[in-house]
Amino acid sequence: MAEQKQIPESFPPMGAEFEKPYMEFEYKGELFRVENLKGGHNSKVAKACKSNPPKWDEEKKRWVVPIENNLIDIDFAAQPEVTKDFPPDSPLKAIHIISNPRSKYQSTGLLISSTDDPSGPPLFPVDCIFDMFIRVNVKGKWSLINVRPFRLRANGLNEWPPPVGTVYVNEDYVELFPEWIPLASKFMKPIVRILPSDKTVLTDVFENPNV
């Protein structure tokens, strides 16, 4: 059995590009599906994905590494092939999805170590979870946000940053409401609802030079 690697005290800020083999969402009661949707910040988002030193989590009884996630940037307009079946005048052809930049809706996550001994050292493999907030800009419409996070998960990672080919699974419905209508989620139905179980596959992973 190979010796388990120790989780280091620090990691470089990382960038990534990814592909979603499919994503399904509801808009005005109609179901839309897009395939081979590409995204990632491509070194354009300054904050990148940053991690902190490992710490013992008494509730989980595991070593964990807190992470900030700022990697989501998906531009439908730059990929007309994914919306070719949408109506020609549909505002959905120009959807732009980004990590929500507001501090109130910071996307955060954890690397959860397999080590259950508080005396350490924390070791790989780790399970990675992210609780995500996004902003969706729709041409000619309100910006939309989710006010409850949705969770992305990848289990059994033996290194960080995660290698190319790592698959994250969306575990939750993503319900999107107008950003600048106070308490919209309390009295409105979601404008857009992204269905769960879609996957995000990393196609490139790199150290981010902008941080």
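All figures in this text were calculated on a predicted structure; none of them were measured in a lab. The figures that follow rest on heavy atoms only: side chains count, while hydrogens, waters and symmetry mates do not.
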Quick one: are Q106 and N70 in side-chain contact, heavy atoms under 4.5 Å? yes
Return a table of donor-acceptor pairs under 3.5 angstrom between the side chains of residues 182-202 and protein atoms on other chains or two or more places apart.
{"unit_1": "R193", "atom_1": "NE", "unit_2": "E26", "atom_2": "OE1", "d": "3.2"}
{"unit_1": "R193", "atom_1": "NH2", "unit_2": "E26", "atom_2": "OE1", "d": "3.4"}
{"unit_1": "R193", "atom_1": "NH2", "unit_2": "E26", "atom_2": "OE2", "d": "3.4"}
{"unit_1": "D198", "atom_1": "OD1", "unit_2": "K20", "atom_2": "NZ", "d": "2.5"}
{"unit_1": "D198", "atom_1": "OD2", "unit_2": "N170", "atom_2": "ND2", "d": "3.3"}
{"unit_1": "T200", "atom_1": "OG1", "unit_2": "K20", "atom_2": "NZ", "d": "2.9"}

Look only at the side chain of [X] and the backbone of [Y], and say whether a donor-acceptor pair between them is shorter than 3.5 Å.
X    : Y    : answer
S113 : R62  : no
W56  : S119 : no
T115 : L123 : yes

Rounded to the nearest 0.5 Å, what separates atom [atom1] in [X] from atom [atom2] in [Y]?
X    : Y    : atom1 : atom2 : value
I134 : I145 : CD1   : CD1   : 10.0 Å
E59  : K61  : CD    : NZ    : 9.5 Å
I129 : T108 : CD1   : OG1   : 8.5 Å
F177 : R148 : CZ    : CZ    : 6.0 Å
I7   : W63  : CD1   : CH2   : 9.5 Å
D204 : E19  : CG    : CD    : 12.5 Å

Filter on ring-ring contact (aromatic ring centres under 6.0 Å, His included), then keep only pairs touching residues 66-89, sequence neighbours left out; what's left? F32-F86
Listed once per pair and sorted, the ring-ring contact (aromatic ring centres under 6.0 Å, His included) pairs that draw on residues 111-147, sequence neighbours left out: Y105-F133, F130-Y168
Near K55 NZ, under 6.0 Å, is it more than 12 heavy atoms from other residues, nucleotides or ligands? no
Positive for side chain to side chain contact (heavy atoms under 4.5 Å, CB included) with N146, one of D172, N100, V174: V174
Exercise answer: donor-acceptor pairs, residues 152-159 side-chain atoms, under 3.5 Å, sequence neighbours excluded:
{"unit_1": "R153", "atom_1": "NE", "unit_2": "E171", "atom_2": "OE2", "d": "2.8"}

Scan residues 124-135 for pairs that pass side chain to side chain donor-acceptor pair (under 3.5 Å), counting only residues two or more places apart or in two chains. D131-R151, R135-E179
Residue pairs passing the side chain to side chain donor-acceptor pair (under 3.5 Å) test where at least one lies in residues 76-89, sequence neighbours excluded: none
